[in-house]
Protein chains: 2
Amino acid sequence: MDDIDRALLAALQADATQAYAALGKAVGLSAGSAHERVRKLREREVIRHTTIDVDPAAVDRGVLSFVMLQSNAWMGDPPTRDALAAIPEIQEAHIIAGSASLLVKIRTSTPEQLQAVLRRVFDVDGVTGTQTIIVLETFFERPLNVTDPDPAR
Amino acid sequence: MDDIDRALLAALQADATQAYAALGKAVGLSAGSAHERVRKLREREVIRHTTIDVDPAAVDRGVLSFVMLQSNAWMGDPPTRDALAAIPEIQEAHIIAGSASLLVKIRTSTPEQLQAVLRRVFDVDGVTGTQTIIVLETFFERPLNVTDPDPAR
DNA sequence: AGCATCTCCGAATGTAGTATGGTTATTAGG
DNA sequence: CCTAATAACCATACTACATTCGGAGATGCT
């Protein structure tokens, strides 16, 4: 994992459809060598998937919200994860420190649909309350930064 | 945007490297027709990018947190967006309704680095306070659901 | 210094992306 | 209901790229 690998990751984050010849040119390698490095990055699972970024509004998921869940028990076990994963509108779920215990990211078509999802969330074992944060506008959502050095090391 | 388009989106979300022949087979079309549909989805920008999913821990961004920012003025303007976008550790930034006014998603190598980022956030014009949510464990982060019908319509 | 390992390149082979033309299905209008 | 126009689909051909290979150079370890 050197600077070339990081440059390859950044280039692929920006556009994963480009040819290895172009990729190699961008980092100063031949197409074959670029290919070999990318293959290894996939093998090591530094690159986990190749995927597409879909416009939420175009598929009727224009309403974004974050919901913090209070609970009366430890929620870090598989049954809770599976119950949340079964709700398709939930895009992310995290266990958090602090007064709440879970944070989920939800995308729905309308606020009414959000209400329907919250009803399902309340049915998850252990959930005793919710606090909803409605997003009015998204400034940006971008790939994880891979190039910036870490000043601490 | 019919069921076939949605199936194509779902298949590409799962694996954007697969050949059009396989893609067509998955949705019941020839390779050429699948290609044509995907081309149009890109043209319409339903598909915004093709990108890779990088393991945060592998690039030293293993610490995830969400931070809510209080402010003493309206923060929905470009200067605020640009100031936040200039901080590479910030992966998402949203304007939210409620007592805070912004929510940002931050990935750092360590809690100490998070502290350094928060210092930079405080220097953004208008920011009067922060509330930090540390993520202990991520249950899942997955692509936007594109297949489930919306029961409301 | 010597050996092993790794990374690179350039050329080959095979596979997949892309463009084309003709056919069928779908829709709109008379 | 019938016709015309449009759009979607398929099969084929062509081009470009991914992938593999052998060999050369660099790097690091003993």
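Every heavy atom of this structure was used, including side-chain atoms; hydrogens, water molecules and symmetry mates were not. These numbers were taken from a predicted model, which means no experiment stands behind them. Numbers restart at 1 for each chain; the letters A, B, ... are given by sequence-line order, proteins then strands.
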_Does any part of the side chain of B:Val54, heavy atoms only, come nearer than 4.5 Å to the side chain of A:Val46, both counted from C-beta?_
yes

*Kindly indicate, with the supporting measurements, whether the criterion side chain to side chain donor-acceptor pair (under 3.5 Å) is fulfilled by A:Thr50 and B:Thr17.*
CA-CA 6 Å; A:Thr50 300; B:Thr17 66; 5.5 Å; no

_Spacing between B:Gln18 atom CD and D:dA18 atom P, to the nearest angstrom_ = 17 Å

*Taking DNA chain C as the partner, which of residues 22-30 of chain B come within under 4.0 angstrom of it by heavy atom?*
none

*Shortest non-hydrogen separation from A:Arg142 to B:Ala85 and the atoms involved*: NH1-O, 2.9 Å

_If you count every heavy atom of other residues, nucleotides or ligands that lies below 6.0 Å from B:Gln115 atom CD, does the total exceed 12?_
no

*In this structure, are over 12 heavy atoms from other groups packed under 6.0 Å from A:Glu45 atom CD?*
no

*Which whole-number value in Å describes the distance from B:Tyr20 OH to D:dA16 C1'?*
14 Å

*Take A:Met1 and A:Leu41, measure what side chain to side chain contact (heavy atoms under 4.5 Å, CB included) needs, and give me the verdict at the end.*
CA-CA 9 Å; A:Met1 172 61 54; A:Leu41 287 168; 4.0 Å; yes

_Closest approach of A:Met75 to B:Phe139 (non-hydrogen atoms, all atoms of both residues)_ = O-CZ, 3.2 Å

*With respect to the phosphate group of D:dC10, does any side-chain polar atom (N or O) of B:Ser33 fall under 4.0 Å of OP1 or OP2?*
yes

*Go through residues 35-43 of chain A and report each residue with a non-hydrogen atom lying under 4.0 Å from DNA chain C, sorted by number.*
A:Arg37, A:Lys40

*Has B:Asp125 got more than 12 heavy atoms of other residues, nucleotides or ligands less than 6.0 Å from its CG?*
no

